[in-house]
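Before any comments, here is the structure.
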Amino acid sequence: MTFGEGEPATRPQSLMFSFLGIYVLERDVAVYSGSVIDVFARLGVTEEAVRSTLTRMTKRGLLTRHRQGRKTYFGLTPHAVDVLEDGRRRVWETGAVNRDWDGSWTLVGFSMPDSRRSTRHDLRSQLVWAGFGPLQSGLWIAPGVKDVTGIVTELGLDDHVTVLAARALKPTESADLVHAAFDTQQIAARYHAFLDRWDTASPQAALPDDLARQLLLHTDWLHLVRQDPHLPAEHLPEDWPAIRAEQVFHTLARAYQGPAGELAARILDVTVTE
């Protein structure tokens, strides 16, 4: 797989989620694998990698196969729709800048024996993904009210986890909680890296067209906001790079939408699903 100079490695599956979210979600269609291969070739992704990704996602219950003659089309399962809708909300609704924080925190406390070390690791990983940071041993926090029921139940930890909603009281300051539980420098660095790649006169000029640029932009941005715990803007620097990064994303997304959509309409072979 090849991308522009300085571009981070992007897995074909991440690109596939962006592709499906833009061109399959809410359209009740399945898309021919050969035309997906044609699209991904613009990003330097090999036919073998595309077919492997489609097969793997099918085995994971994210895609369904539809045969028409010698052609195989791929559509979304309900699980895939849920995953893609979550991504859409993060990109277009939640955004990267939390200006509406109400001062509340969600606290997750847990204690597990060493025999469940693997489960503890899985819990921590999923808490990070859900926007939590470690305040102290066995106590994680996230701004706002978070529903972690699915995480806890899936891991079978109902008897080992305590979930509370709370507010900071003196002498504790919310700003101190932000910097104690979250690596704000690392978060800022990721946004600066995004700006280095996209906030230029001709971003990703080495790519062949706006369809390729659109897919890489959306993939890059979704990966970024999924890692962002959405910290309260009032406790971050005024020049927080997420502000500029979000503006750049929206500007480029609008610019690419028309040309990319026209090109995709010519390339993609789709069939309507029931």
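- Minimum heavy-atom separation, R213 to W198: O-CH2, 3.6 Å.
- Cluster membership for V152 and L155, using ILVMFWY side-chain heavy atoms within less than 4.5 angstrom, is shared.
- Remark: side-chain polar atoms of T53 are not paired, donor with acceptor, to backbone N or O of P12 under 3.5 angstrom.
- Considering every non-hydrogen atom in both V178 and L231, the closest pair reads CG1-CD1, 3.9 Å.
- Rounding to the nearest 0.5 Å places CZ of F249 at 8.5 Å from CG of L222.
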- [ ] Take R226 and D86 through the side chain to side chain contact (heavy atoms under 4.5 Å, CB included) test and state the conclusion after the steps.
- [x] CA-CA 10 Å; R226 279 190 181 276; D86 175 69; 3.0 Å; yes
Task: Full working for side chain to side chain contact (heavy atoms under 4.5 Å, CB included) between I267 and L211 - done: CA-CA 11 Å; I267 296 172; L211 177 55; 4.1 Å; yes
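- Residues E238 and I243 approach most closely at O-CD1, 3.8 Å, considering heavy atoms.
- The salt bridge (Lys or Arg N to Asp or Glu O under 4.0 Å) test applied to D38 returns no partner, not counting sequence neighbours.
- For D100, the CG atom is loosely surrounded, since the number of other residues' heavy atoms within 6.0 Å does not exceed 12.
- Without hydrogens or angle criteria, S35 side chain to D269 main chain gives a donor-acceptor distance under 3.5 Å.
- Hydrophobic clustering places L215 together with W92 (ILVMFWY residues linked when any side-chain heavy atoms are closer than 4.5 Å, directly or through intermediates).
- Aromatic pair F194/W221: centroids less than 6.0 angstrom apart.
- Closest non-hydrogen pair, L177 versus A168, comes out as CD1-CB, 4.2 Å.
- The shortest distance between side-chain heavy atoms of L25 and E85 falls below 4.5 Å.
- For the pair F17/H223, no side-chain contact is recorded, criterion being any heavy-atom separation below 4.5 Å from C-beta on.
- Panel note: side chain D209, backbone A212; a donor-acceptor pair is recorded below 3.5 Å.
- Residue P229 comes nearest to P143 through the heavy atom pair O-CG, 3.7 Å, listed as atom of the first residue, atom of the second, then distance.
- Rounding to the nearest 0.5 Å places CZ of R60 at 7.0 Å from CE of M57.
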- [ ] Give the intermediate values and the outcome of salt bridge (charged side-chain N to carboxylate O under 4.0 Å, His left out) for residues D183 and R190.
- [x] CA-CA 11 Å; D183 188 342; R190 289 196 288 260; over 6 Å; no
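- For H179, the NE2 atom sits in a packed shell: over 12 heavy atoms of surrounding residues, nucleotides or ligands are nearer than 6.0 Å.
- In this structure, L107 CG and K146 NZ are separated by 13.0 Å, a value rounded to the nearest 0.5 Å.
- Residues R65 and T55 have side chains in contact (heavy-atom distance under 4.5 Å, counting atoms from C-beta outward).
- Checking H218 against Q214 by side-chain atom types alone, no donor-acceptor pair falls below 3.5 Å.
- To the nearest 0.5 Å, atoms CG (L54) and CD1 (I37) are separated by 7.5 Å.
- Hydrophobic clustering (side-chain heavy atoms under 4.5 Å, transitive across Ile, Leu, Val, Met, Phe, Trp, Tyr) groups V50 together with L63.
- In terms of modelled atom types and a separation under 3.5 Å, the side chain of H230 and the main chain of T94 share a donor-acceptor contact.
- Both L263 and V29 are part of a single hydrophobic cluster, where members link through side-chain heavy atoms under 4.5 Å apart.
- Clustering ILVMFWY residues whenever any of their side-chain heavy atoms sit less than 4.5 angstrom apart, transitively, puts V83 in the very cluster that holds I22.
- Minimum heavy-atom separation, T77 to G61: OG1-O, 2.6 Å.
- F132 CZ to T106 OG1: the interatomic distance, rounded to the nearest 0.5 Å, is 5.0 Å.
- Scored by the ring-ring contact (aromatic ring centres under 6.0 Å, His included) test, W129 finds no partners at all (sequence neighbours excluded).
- Ring planes of F19 and Y23: tilted class, angle from 30 to 60°.
- A donor-acceptor pair is defined here as one N or O able to donate and one able to accept, closer than 3.5 Å; no such pair exists between the side chain of T219 and the backbone of S18.
- Checking F182, W105, W101, W240 one by one against H235, the ring pair (Phe, Tyr, Trp, His ring centres under 6.0 Å) holds for a single residue, W101.
- Between the side chains of R67 and T72, at least one donor-acceptor pair of N or O atoms lies under 3.5 Å.
- For the pair T251 (side chain) and Q247 (backbone), a donor-acceptor distance under 3.5 Å is present.
- Within the 3.5 Å criterion, the main-chain N or O of A96 finds a donor-acceptor partner in the side chain of E246.
- Using a 4.5 Å heavy-atom threshold, the side chains of D228 and Y191 count as touching.
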Open item on the list: Set out, in order, the CA-CA distance, both residues' side-chain angles and the distance that settles side chain to side chain contact (heavy atoms under 4.5 Å, CB included) for V108 and V148, then state yes or no.
Closed with: CA-CA 9 Å; V108 174; V148 296; 4.2 Å; yes
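- The neighbour count for R167 CZ, taken as heavy atoms of other residues, nucleotides or ligands under 6.0 Å away, is above 12.
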Task: side chain to side chain contact (heavy atoms under 4.5 Å, CB included) between V248 and R244, intermediate numbers included - done: CA-CA 6 Å; V248 169; R244 174 62 183 166; 3.6 Å; yes
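- Distance CG/L123 to CD/E154: 11.0 Å, rounded to 0.5 Å.
- Comment: R90 does not engage E93 in a salt bridge, judged by the lack of any side-chain N to carboxylate O separation of less than 4.0 angstrom.
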